[in-house]
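Read through the structure below, which is laid out as structure tokens, and then see the notes.
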Amino acid sequence: MVSEQWIAGVDLGGTTTKIAFINLNGEILHKWEIPTDNSNEGQNITKNIANAINQKLADLNEQKTKLIGIGMGAPGPIDYETGVVLNVVNLGWKDNFPLQDSLHSLTSLPVVIENDANCAALGEMWNGAGKGARDIVCVTLGTGVGGGVIANGDIVRGINGAAGEIGHITSIPFGGAPCNCGKSGCLETIASATGIVRLAKDELLKAETQGQLAVIFAANGSVTAKDVFDSARNGDEFAQQIIQEVGFHLGFVLANIANTLNPEMIVLGGGVSRAGDILLDKVNTNFSNFAFSAVKESTTLALATLGNDAGVIGAAWLIKNKLNL
Ligand code: ZN
């Protein structure tokens with residue numbers, strides 16, 4: 001019975017690879033991690049994944065026929081026709097690594113590859129905050145800011161696979177901080193953990209700031225994004241101003257995304273989103289100010305519910321979708 005079969009979801013990261021066996025309802029049955037071995041031009045990566053899957057099946061006393069396919073999220077730009085990763089420096093691969101073919105030839109299973117930010121969005125759509133929705137936008141607020149746009153139940157990729165780069169929407173047109181992408185003033189320079197730390201440090205270095213955050217800075221010589229949120233929660237006005245600024249830019253950008261797409265839901269995930277309501281309240285206020293009225297009435301903002309599992313669940317969805325299950 002196909003309903004009792006499993007899909008392997010893989011979330012390939014620079015240091016660890018998450019793997020899970022997932023049923024056709026998008027529920028994780030078994031999950032584990034292996035180190036990502038970047039040595040030898042990344043030649044061991046797919047081998048290690050295939051071995052880890054076989055080993056786990058053996059440990060569980062399951063036959064290989066239990067699996068119907070492998071869905072995988074990978075960082076970087078991907079050629080979706082061929083499953084080729086175009087360039088990912090930190091995995092050791094040379095340009096144009098045939099990831100899909102490599103994993104297929106090692107496992108003899110159907111393999112589908114997708115960008116990792118898109119997998120997180122698909123996961124939240126299938127069995128997370130956006131469950132049941134067919135039009136959602138996911139924004140991952142982590143070290144950087146990633147995005148995934150799902151319209152009518154499928155990923156929006158754009159002509160060159162670069163759709164959904166929400167982190168690189170310009171939020172400060174003039175005088176913004178430089179971004180890793182080469183532009184300046186991108187949302188990522190403000191609403192990522194790195195951006196929040198930068199905003200805090202810039203002010204802490206020049207102002208005679210007082211309060212909890214200034215005390216932490218004086219003691220450690222640095223602060224984390226979590227320090228900023230914790231201090232704000234404890235009434236530190238300076239930390240609250242930083243969150244105000246982050247909330248303004250996020251609300252502004254998300255409102256304009258919503259004005260374009262009118263999704264059912266915009267889901268916020270990633271480490272920064274764990275700040276919860278202290279951030280979400282400010283984002284909501286600014287979102288309401290900048291959203292077109294019919295959009296404001298129908299598009300809601302929500303926190304992601306799958307955490308680090310979104311990537312493997314979304315990766316598994318790729319196989320369910322490909323096989324029309
Ligand atoms: Zn950028």
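When a ligand or atom number is given, it counts from 1 through the structure's own listing order.
- R233 is linked by a salt bridge (charged side-chain N to carboxylate O under 4.0 Å, His left out) to D230, counting only residues two or more places apart in sequence or in another chain.
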Donor-acceptor contacts under 3.5 Å from residues 193-200 side chains, at least two apart:
from: T194; atom 1: OG1; to: T143; atom 2: O; distance (Å): 2.6
from: R198; atom 1: NE; to: T189; atom 2: O; distance (Å): 3.4
from: R198; atom 1: NH1; to: D202; atom 2: OD2; distance (Å): 3.4
from: R198; atom 1: NH2; to: T189; atom 2: O; distance (Å): 2.8

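- Partners of F290 under the ring-ring contact (aromatic ring centres under 6.0 Å, His included) rule, at least two apart in sequence or in another chain, are F248, F252.
- Side chains of Y80 and I155 form no contact here, defined as non-hydrogen atoms less than 4.5 Å apart.
- Of all protein N/O/S atoms, those lying under 2.8 Å from the Zn ion (ligand 1) come to 4.
- Residues N234 and S231 bring no donor and acceptor atom of their side chains to less than 3.5 Å of each other.
- In this structure, A255 and A291 approach most closely via the heavy-atom pair CB-N, 3.7 Å.
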